[in-house]
There are 2 protein chains.
Amino acid sequence: MSKCLSCSQAGKGAFCKFGPQSRAFLQSNSLKTDYVRGSSLFREGDRSNAIFLVCSGKVKVSATSREGRVMILRIAQAGDVLGMSAALTQGDYEVTAEALEPCSVLVLPTKHLMTMLQNFGDASLAAANVLAEDYRAAFDEARLISLPSSPAGRVARLILDWAQDAKSRSNTFITMSMTHEELASMTATTRETITRTLGRLRKDKIIETHGVVLKVLQPQALERLCAC
Amino acid sequence: MSKCLSCSQAGKGAFCKFGPQSRAFLQSNSLKTDYVRGSSLFREGDRSNAIFLVCSGKVKVSATSREGRVMILRIAQAGDVLGMSAALTQGDYEVTAEALEPCSVLVLPTKHLMTMLQNFGDASLAAANVLAEDYRAAFDEARLISLPSSPAGRVARLILDWAQDAKSRSNTFITMSMTHEELASMTATTRETITRTLGRLRKDKIIETHGVVLKVLQPQALERLCAC
DNA sequence: TCGATCGGGTGATGGCCATCACATAAATCG
DNA sequence: CGATTTATGTGATGGCCATCACCCGATCGA
């Protein structure tokens, strides 16, 4: 299996599986850029001019209200592509992408993206897959927020999603390297509620935490809490 | 300008602007189907086997929790395409699509969709645009629910979105043909809260309603309420 | 025409959680 | 190492809203 252009790993991302032609095109028309922790790849409202292929590091994708309330949509990792929707519709970025750790990113300007999509079939298929993933992420977020009736339920839902994710990597532990503040932004609640909810789950022996490691003791209890 | 295959209007949907070849392919491989009010085009969890091009009528797109809590993602109309994401990823439908009025729909089986995407460039571009729209709808929904801190704020946000939409059609009125129950499902709140919130907005002379017609008197007041 | 159903309006109540305030722990940095 | 920032924990309080209960009017179907 061919390796991803720069992830230097057999990437699972849609843009990691290009054939020789599209790969060469991507390589010669994109610019590898490094971002330090805290810097922005692009910001909500900026005119879109490129797509971003994450090669290493973690990128926080979020949207902000005028009041400063933040909604975290997802955490992108190696293999993920950011800014596709805005590039295709020639509009503004609808979200802000910010490096959570030092990141290495391939930046492909929109005009080259367009050329690539027109000339290489595998590239347009990959683009469609990227969009489908973006859609799923947004849909899952909407579902996470809408369906559970209470903040506590949303936290339970989030933990269950993580557990699912961990299990898919045959891992019994969840490594949660996010602050309570960030968790609050993902579940449309406040930091204090996150602290209290996690505390209560611990007290009730439903979860167990050791530093960043989180273990679910009673999945059914979480299911009951979120009820969705 | 060529007319949409079956909308019989200069459709604005991505699939309404096909060239002669892709149009002919679509026509000969899809099945025009009518749905009565209340019937389902497809249901959440069903195996995806086709995409649906709405030619006339309105279709409610929603997701449901096990408890029966409903999240309405959007109301699709003529020109909209449903089920694209599930078809492309060969997965299950993640939402339920239900006819709100008698609907006429073109049903294109997934295998023919795939053939079409591989053979016609304009079709794959259109598919990408459909996905981008789906993404925006889900994102907007997540944003609507996440960012305003209170149910009342979300209702205000929803009305503002409608006003925006109406203004883009140079219309000073909003025609709101949805029940309070449905509004509640769109804003993650309850019917009673919708009734009370609208009542209060009326009392405060912020909005005015006459039957299904709604008029915004003080947009700034709504902005202040939702604060996003 | 008359139930039956549905959409809408309203009161009472109680719990949850947002907000404010402050205290501690941990990490970062000079 | 001290000092400052960041992350977390916790109490008190009050308001909003989910829930339950009921009523009314309109619409629909037989």
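All chains are named by letter (A, B, ...) in the order of the sequence lines, taking the proteins before the strands, and each is independently numbered beginning at 1.
Nearest-nucleotide positions on DNA chain D for B:Ala152 and A:Gly199 put A:Gly199 closer to the 5' end. Both B:Arg191 and B:Arg200 lie close to DNA chain D; mapped to their nearest nucleotides by heavy-atom distance, the more 5′-ward contact belongs to B:Arg200.
Distances shown here put every side-chain N or O of B:Ser150 at or beyond 4.0 Å from the OP1 or OP2 atom of D:dC16. Taking only side-chain nitrogens and oxygens, A:Thr193 never comes nearer than 4.0 Å to OP1 or OP2 of C:dC16. Between B:Thr190 and the phosphate of D:dA18, there is a side-chain N or O to OP1/OP2 separation shorter than 4.0 Å. Contact check, A:Arg37 against C:dT28: no side-chain N or O comes under 4.0 Å of OP1 or OP2.
No donor-acceptor distance shorter than 3.5 angstrom exists from the side chain of B:Ser170 to the backbone of B:Lys167, with no hydrogens or angles considered. The backbone N or O of A:Ala50 sits less than 3.5 Å from a side-chain atom of A:Thr110, completing a donor-acceptor pair.
Taking the six-membered ring where tryptophan is involved, the planes of A:Phe42 and A:Phe52 are tilted, since the angle between them lies from 30° to 60°.
Across the protein-nucleic acid pair, B:Glu192 atom CD and C:dT13 atom C1' stand 13 Å apart, rounded to whole Å. A straight line from CE of B:Met176 to C1' of C:dG7 spans 12 Å, rounded to a whole angstrom. One interatomic measurement links the two molecules: CD1 of B:Ile194 to C1' of D:dC17, which rounds to 12 Å at whole-angstrom precision. With rounding to whole Å, A:Arg69 atom CZ is found 6 Å from C:dT19 atom P. In this structure, B:Leu225 atom CG and D:dG15 atom C1' are separated by 15 Å, rounded to whole Å. Between the P atom of D:dT6 and the CG atom of A:Leu183 lies a distance of 18 Å, rounded to the nearest Å. C:dG8 atom P lies 10 Å from atom CG of B:Leu198, rounded to whole Å. Counting to the nearest Å, the C1' atom of C:dC17 and the CZ atom of A:Arg154 are 10 Å from each other.
You'll find a donor-acceptor pair under 3.5 Å spanning the side chain of B:Arg196 and the base of D:dT19, going by distance alone.
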